[in-house]
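The basis for the numbers below is simple: all heavy atoms, side chains too, and nothing from hydrogens, waters or symmetry mates.
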Amino acid sequence: MVPLTALLLTTACGAVTAGGHVECTEIGTPVGIRVDVEHPDVTAVEIEVCRDGSCATPAVELRPASRAVESTCTGTGPDDSCSARSEPTGGKYGFADVPGLPTTPVAVTARLLDQSGSVLVEREIRVTPEMAYPNGPDCPAGGPQAGISVGADGSVTER
């Protein structure tokens, strides 16, 4: 009974690699494309992802972006704690779920809209999704992800 319990606990908590004894959780990884926007007038984004003659137009909800600016720690030990303060960057970000996204190049057309719904920027870019490793490189991959960045000048680049 004890070996079976140990096996079930190991399976439930993830795998342990032989070399580094790294525990891997079964955390999910969203499959899709992240969109970062620095253009100040953009309030919404639409993307179209095309591959192998098939296109999808997943929803993207933009949220205000922030970054950590200050951090303080009570020490360096495992029982010590740290805190960080964040501030808005003025940018926005969103994520488009794209089930079945391959790890080969795909065409992404980004349409950035202002508050009235007018298109401010429309660009096509090819991106190559890469496997994401939510527990680090010593654990199994979670799924492919890609990203695009839209600069304040309307330029669109792969992240």
Without placing hydrogens or testing angles, list every side-chain donor-acceptor pair under 3.5 Å for residues 151-159, not counting sequence neighbours.
residue : atom : partner : partner atom : Å
D153    : OD1  : S155    : N            : 3.0
D153    : OD1  : S155    : OG           : 2.7
E158    : OE2  : T128    : N            : 3.0
R159    : NE   : D36     : OD2          : 3.3
R159    : NH1  : D36     : OD2          : 3.2

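- Sorted by first and then second residue, the disulfide bond (SG atoms under 2.5 Å apart) pairs with a member in residues 57-89 read C73-C82; sequence neighbours excluded.
- Among all heavy-atom pairs drawn from V60 and A96, the shortest one is CG2-CB, 3.6 Å.
- Closest approach of P40 and K92 over heavy atoms only: O-NZ, 4.1 Å.
- Cluster membership for V127 and Y93, using ILVMFWY side-chain heavy atoms within less than 4.5 angstrom, is not shared.
- Separation of atoms OH (Y133) and CD1 (I27) is listed at 15.5 Å; rounding is to 0.5 Å.
- Here the CZ-OG distance, from R34 to S149, works out to 8.5 Å after rounding to the nearest 0.5 Å.
- Hydrophobic clustering keeps L113 apart from V37 (ILVMFWY residues linked when any side-chain heavy atoms are closer than 4.5 Å, directly or through intermediates).
- Nearest approach of G142 to T29, heavy atoms of both residues: CA-OG1, 3.3 Å.
- Within the 4.5 Å cutoff, no side-chain heavy atoms of R51 are placed close to those of T104.
- Under the 4.5 Å side-chain heavy-atom criterion for ILVMFWY residues, a single connected hydrophobic cluster contains both V42 and I125.
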Begin from the C-alpha positions of T57 and E46 and carry the test side chain to side chain contact (heavy atoms under 4.5 Å, CB included) through to its verdict. CA-CA 7 Å; T57 54; E46 298 171 348; over 6 Å; no

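- Scanning all heavy atoms of the two residues, the minimum distance from P144 to T103 falls at CB-CG2, 3.9 Å.
- A distance of 7.0 Å separates CG in D114 from CG in D41, rounded to the nearest 0.5 Å.
- With sequence neighbours excluded, no residue forms a side-chain hydrogen bond (donor to acceptor under 3.5 Å, both in side chains) with T74.
- Contact detail for S118 and S116: the closest heavy-atom pair is OG-OG, 3.1 Å.
- With sequence neighbours excluded, the residues forming a side chain to side chain contact (heavy atoms under 4.5 Å, CB included) with T109 are E48, R111, E122, E124, listed by chain and number.
- Identified under the salt bridge (Lys or Arg N to Asp or Glu O under 4.0 Å) test for residues 52-66, with sequence neighbours left out: E61-R63.
- For the side-chain contact (heavy atoms from CB on, under 4.5 Å) test with L112, the passing option among L62, V150, V119 is V150; the others fail.
- Between Q145 and P129 there is no side-chain heavy-atom pair separated by less than 4.5 Å.
- Considering only residues two or more places apart in sequence or on other chains, Q115 meets the side chain to side chain contact (heavy atoms under 4.5 Å, CB included) condition with T43.
- Connection of V106 to V31 is established within a shared hydrophobic cluster, with ILVMFWY side chains joined at heavy-atom distances below 4.5 Å, either directly or through further cluster members.
- The CG atom of D138 sits 13.0 Å away from the CD atom of E23 when rounded to the nearest 0.5 Å.
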